[in-house]
Amino acid sequence: MTRPAPTMVNPDPTPEEERELEAMYTTMAEENMIPLWTQLDELMPQVPASAAVAHQWQWSTLLPLAERAGDLVPVGRGGERRAIALANPGLGGAPFATPTLWAAIQYLGGHEVAPEHRHSQNAFRFVVEGEGVWTVVNGDPVRMSRGDFLLTPGWNFHGHHNETDQPMAWIDGLDIPFVHYADTSFFEFGIDRVTDESTPDISRSERLWGHPGLRPLSGLSNTVSSPIGAYRWEHTDRALTEQLRLEDEGFPATVGQGHAAIRYVNPTTGGDVMPTIRAEFHRLRAGTTTPVTRRVGSEVMQVFEGSGRILVDDRVFDVVTGDLVVMPSWSAVSIETETGLDLFAFNDRPIIETLNFARTHVEGEQQ
């Protein structure tokens with residue numbers, strides 16, 4: 001849809017008026033002013049027009065580069081983390097996956113320690129393969145293993161230690177771009193190692209909070225972010241499996257035919273795990289295609305297992321395990337799989353919904 005042209009009282013200025021307009025615009029520029037009528041389409045488009053573009057990062061490229069960085073770049077104070085940001089090609093070289101979301105592959109070598117620090121930005125980790133690393137969040141060592149979704153809410157001290165001879169890589173997600181543009185960032189160094197180098201199988205946060213449907217009376221106050229340090233793969237896998245089994249039994253348990261999905265939630269509120277990031281996991285049976293859907297807000301997906309195609313506007317991305325795809329705001333998205341597909345996804349919808357900007361359009365449905 002094209003914005004209708006404005007009605008002009010005097011569409012053809014005289015030469016004198018043209019000189020006066022030019023002089024006025026020059027003065028405005030000198031005084032750091034910009035007239036709205038010259039930039040209306042850019043500032044107020046009729047639908048979201050993100051500078052970010054749909055893009056794919058292949059795990060087969062990411063992991064070898066992270067391994068090479070492991071050989072050449074030490075982890076320590078100053079550099080802090082051996083993390084490689086995924087830079088959206090549409091954002092002018094900024095290290096951002098979308099205007100609100102940051103994604104990176106982080107790599108920790110055998111017996112390496114990433115020192116503790118804390119920051120305003122909310123963060124999580126998702127493990128597509130490997131084990132042997134513990135992330136220590138406010139003194140609580142949390143085991144990291146395949147399929148686990150782990151939280152580091154804003155202003156929590158955290159560091160990582162690898163207790164094995166083998167390196168490990170995972171995906172980090174943060175709200176760095178949103179915090180950057182809002183000018184709300186704080187950062188503080190902690191100790192040069194981690195406060196607890198023990199290796200418990202279950203963290204203290206899970207022992208207290210990791211029981212479905214049960215809430216400890218010692219923690220009745222709601223928290224902005226989830227108090228659970230790790231959402232374990234065995235629970236995610238079981239929830240998705242049971243959704244599809246119920247579908248087979250004739251119960252409306254899935255979000256769409258052959259499409260099971262869960263959202264990770266904060267047990268103190270029932271809402272999102274963090275105030276700026278929503279995280280979900282989707283399982284598509286073989287032969288499933290999701291409807292073409294547009295949503296306000298951006299999203300990043302990583303393939304956990306399987307293969308398929310993610311269609312974003314006029315782009316078609318063939319994806320396999322580990323690949324990541326970014327979907328800008330209001331892009332038309334559909335997912336297809338012939339063999340079955342497990343997908344981890346995170347997005348900025350808690351921000352969008354809190355600000356009352358949320359809008360969704362599903363192709364073929366009456367709006």
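In terms of modelled atom types and a separation under 3.5 Å, the side chain of Trp134 and the main chain of Pro200 share a donor-acceptor contact. Judged by distance alone, with hydrogens and angles left aside, the side-chain atoms of Asp140 form no donor-acceptor pair with the main-chain N or O of Asn138 at under 3.5 Å.
For an aromatic pair to be called close, the ring centres must be under 6.0 Å apart, and His119 with Phe186 fails this. Phe126 and Phe149 have their aromatic ring centers separated by at least 6.0 angstrom.
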Item to complete: Step by step, work out the side chain to side chain donor-acceptor pair (under 3.5 Å) result for Thr241 and Arg283.
Response: CA-CA 9 Å; Thr241 298; Arg283 174 169 292 169; 3.1 Å; yes
Item to complete: Begin with the C-alpha distance, continue with both residues' side-chain angles, and end with the deciding distance and a verdict on side chain to side chain donor-acceptor pair (under 3.5 Å) for His160 and Thr135.
Response: CA-CA 4 Å; His160 320 301; Thr135 182; 3.0 Å; yes
Discussion item. Working note: Met24 + Glu20, criterion side chain to side chain contact (heavy atoms under 4.5 Å, CB included); need CA distance, chi angles, decisive distance, verdict.
Written reply: CA-CA 6 Å; Met24 182 184 70; Glu20 291 178 355; over 6 Å; no
Worksheet entry | Test side chain to side chain contact (heavy atoms under 4.5 Å, CB included) applied to Leu324 and Leu86, step by step | CA-CA 9 Å; Leu324 293 104; Leu86 309 185; 4.2 Å; yes
Item to complete: Determine, stepwise, if the pair Thr337 / Arg285 fulfils side chain to side chain contact (heavy atoms under 4.5 Å, CB included).
Response: CA-CA 7 Å; Thr337 178; Arg285 279 181 160 154; over 6 Å; no
Worksheet entry | From CA spacing to verdict: side chain to side chain contact (heavy atoms under 4.5 Å, CB included), Arg232, Glu206 | CA-CA 10 Å; Arg232 298 297 177 188; Glu206 293 170 84; 2.8 Å; yes
Worksheet entry | His55 and Phe317: CA distance, side-chain angles, deciding distance, ring-ring contact (aromatic ring centres under 6.0 Å, His included) verdict | CA-CA 8 Å; His55 190 71; Phe317 301 109; 7.3 Å; no
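Under 3.5 Å, the side chains of Arg294 and Ser331 contain no donor-acceptor pair of N or O atoms. Side chains of Ser225 and Thr223: a donor-acceptor N/O pair is absent below 3.5 angstrom, by distance only. Judged purely by distance below 3.5 Å, without hydrogens or angles, the side chains of Ser298 and Asp348 pair a donor atom with an acceptor atom. Under the 3.5 Å distance criterion, with hydrogens and angles disregarded, no donor-acceptor pair is assigned to the side chains of His361 and Glu363. Checking Asp172 against Gln106 by side-chain atom types alone, a donor-acceptor pair falls below 3.5 Å. Residues Asp165 and His111 bring a donor and an acceptor atom of their side chains to less than 3.5 Å of each other. For the residue pair Tyr231 / Ser226, a side-chain donor-acceptor distance below 3.5 Å is found, with atom types taken as modelled. Side-chain polar atoms of Thr27 and Glu30 form no donor-acceptor pair below 3.5 angstrom. Checking Glu247 against Thr254 by side-chain atom types alone, a donor-acceptor pair falls below 3.5 Å. Using modelled atom types and a 3.5 Å distance limit, the side chains of Ser307 and Thr339 yield a donor-acceptor pair. No side-chain N or O of Asp323 forms a donor-acceptor pair with one of Gln302 less than 3.5 Å apart. A donor-acceptor contact closer than 3.5 angstrom is absent between the side chains of Thr288 and Gln257. Counting only N and O atoms by type, the side chains of Ser145 and Arg143 include a donor and acceptor under 3.5 Å apart.
Ion pairing of Arg146 with Glu305 is present here, as a side-chain N (NZ or NE/NH1/NH2) and a carboxylate O approach within less than 4.0 Å. At a threshold of 4.0 Å, the pair Asp201-Arg207 does not count as salt-bridged, since none of the basic side-chain nitrogens sits closer than that to a carboxylate oxygen. Under a 4.0 Å N-O distance rule, the pair Arg278/Glu299 does not qualify as a salt bridge. For the pair Arg238 and Glu242, the salt-bridge criterion is not met [side-chain N within less than 4.0 Å of a carboxylate O]. Using a 4.0 Å cut-off between charged nitrogen and carboxylate oxygen, Glu188 and Arg118 count as a salt-bridge pair. Between Arg19 and Glu22 no salt bridge is recorded (no basic side-chain N to carboxylate O distance below 4.0 Å). Between Asp248 and Arg245, none of the side-chain N atoms (NZ, or NE/NH1/NH2) sits under 4.0 Å from a carboxylate O, so this pair counts as no salt bridge.
Within the structure, ring pair (Phe, Tyr, Trp, His ring centres under 6.0 Å) contacts touching residues 277-300 (residues at least two apart or in different chains) are Trp233-Phe281, His259-His282, Phe281-Phe304.
Nearest approach of Glu80 to Val75, heavy atoms of both residues: O-CG1, 3.7 Å. Among all heavy-atom pairs drawn from Ser334 and Thr290, the shortest one is OG-O, 2.6 Å. Nearest heavy-atom pair, Ala97 versus Val300, reported as atom, atom and distance to 0.1 Å: CB-CG2, 4.2 Å. Residues Val296 and Trp330 approach most closely at N-CE3, 3.7 Å, considering heavy atoms. Summarising the geometry of Ala87 relative to Pro95, their closest heavy-atom pair is CB-CA, 4.2 Å, with the distance given to 0.1 Å. Here the shortest heavy-atom pairing between Ser185 and Ser120 reads C-OG, 3.6 Å.
Note that OG1 of Thr236 and CD1 of Ile262 are 4.5 Å apart. Values are rounded to the nearest 0.5 Å. One distance of note links CG of Leu62 with OH of Tyr107; it measures 13.5 Å at 0.5 Å rounding. Leu65 contributes atom CG, which lies 6.0 Å from atom CD1 of Ile84 (distance to the nearest 0.5 angstrom). If you take CG on Leu108 and CE on Met144, they are separated by 9.0 Å, rounding to the nearest 0.5 Å. Summarising the geometry, atom CZ belonging to Phe346 is positioned 9.5 Å from atom CE belonging to Met274; distances are rounded to the nearest 0.5 Å. If you take CD1 on Ile277 and CD1 on Ile351, they are separated by 8.0 Å, rounding to the nearest 0.5 Å.
Val326 and Leu174 are members of different hydrophobic clusters when ILVMFWY side chains are connected at heavy-atom separations under 4.5 Å. Hydrophobic clustering (ILVMFWY, side-chain heavy atoms < 4.5 Å, transitive): Ile176 and Leu150 are in distinct clusters. Taking hydrophobic clusters as Ile, Leu, Val, Met, Phe, Trp and Tyr residues chained together by side-chain heavy-atom distances below 4.5 Å, Trp170 does not share a cluster with Leu151. At a threshold of 4.5 Å between side-chain heavy atoms, the hydrophobic network of Ile, Leu, Val, Met, Phe, Trp and Tyr places Val128 and Ile105 in one connected group. Phe357 and Phe178 end up in the same hydrophobic cluster when Ile, Leu, Val, Met, Phe, Trp and Tyr side chains are linked at under 4.5 Å.
Here the side chains of Glu249 and Leu246 are in contact, with some heavy-atom distance below 4.5 Å.
No more than 12 heavy atoms of other residues, nucleotides or ligands sit less than 6.0 Å from atom CD of Glu338. Within 6.0 Å of the CZ atom in Arg68, the count of heavy atoms belonging to other residues, nucleotides or ligands does not exceed 12. A 6.0 Å sphere centred on CD1 of Ile34 holds no more than 12 heavy atoms belonging to other residues, nucleotides or ligands. The number of heavy atoms from other shown groups lying within 6.0 Å of CD (Glu16) does not exceed 12. The local environment of CZ in Phe157 is crowded, with over 12 non-hydrogen atoms from other residues, nucleotides or ligands closer than 6.0 Å. Annotation: Glu131, atom CD; neighbour count of heavy atoms from other residues, nucleotides and ligands within 6.0 Å does not exceed 12.
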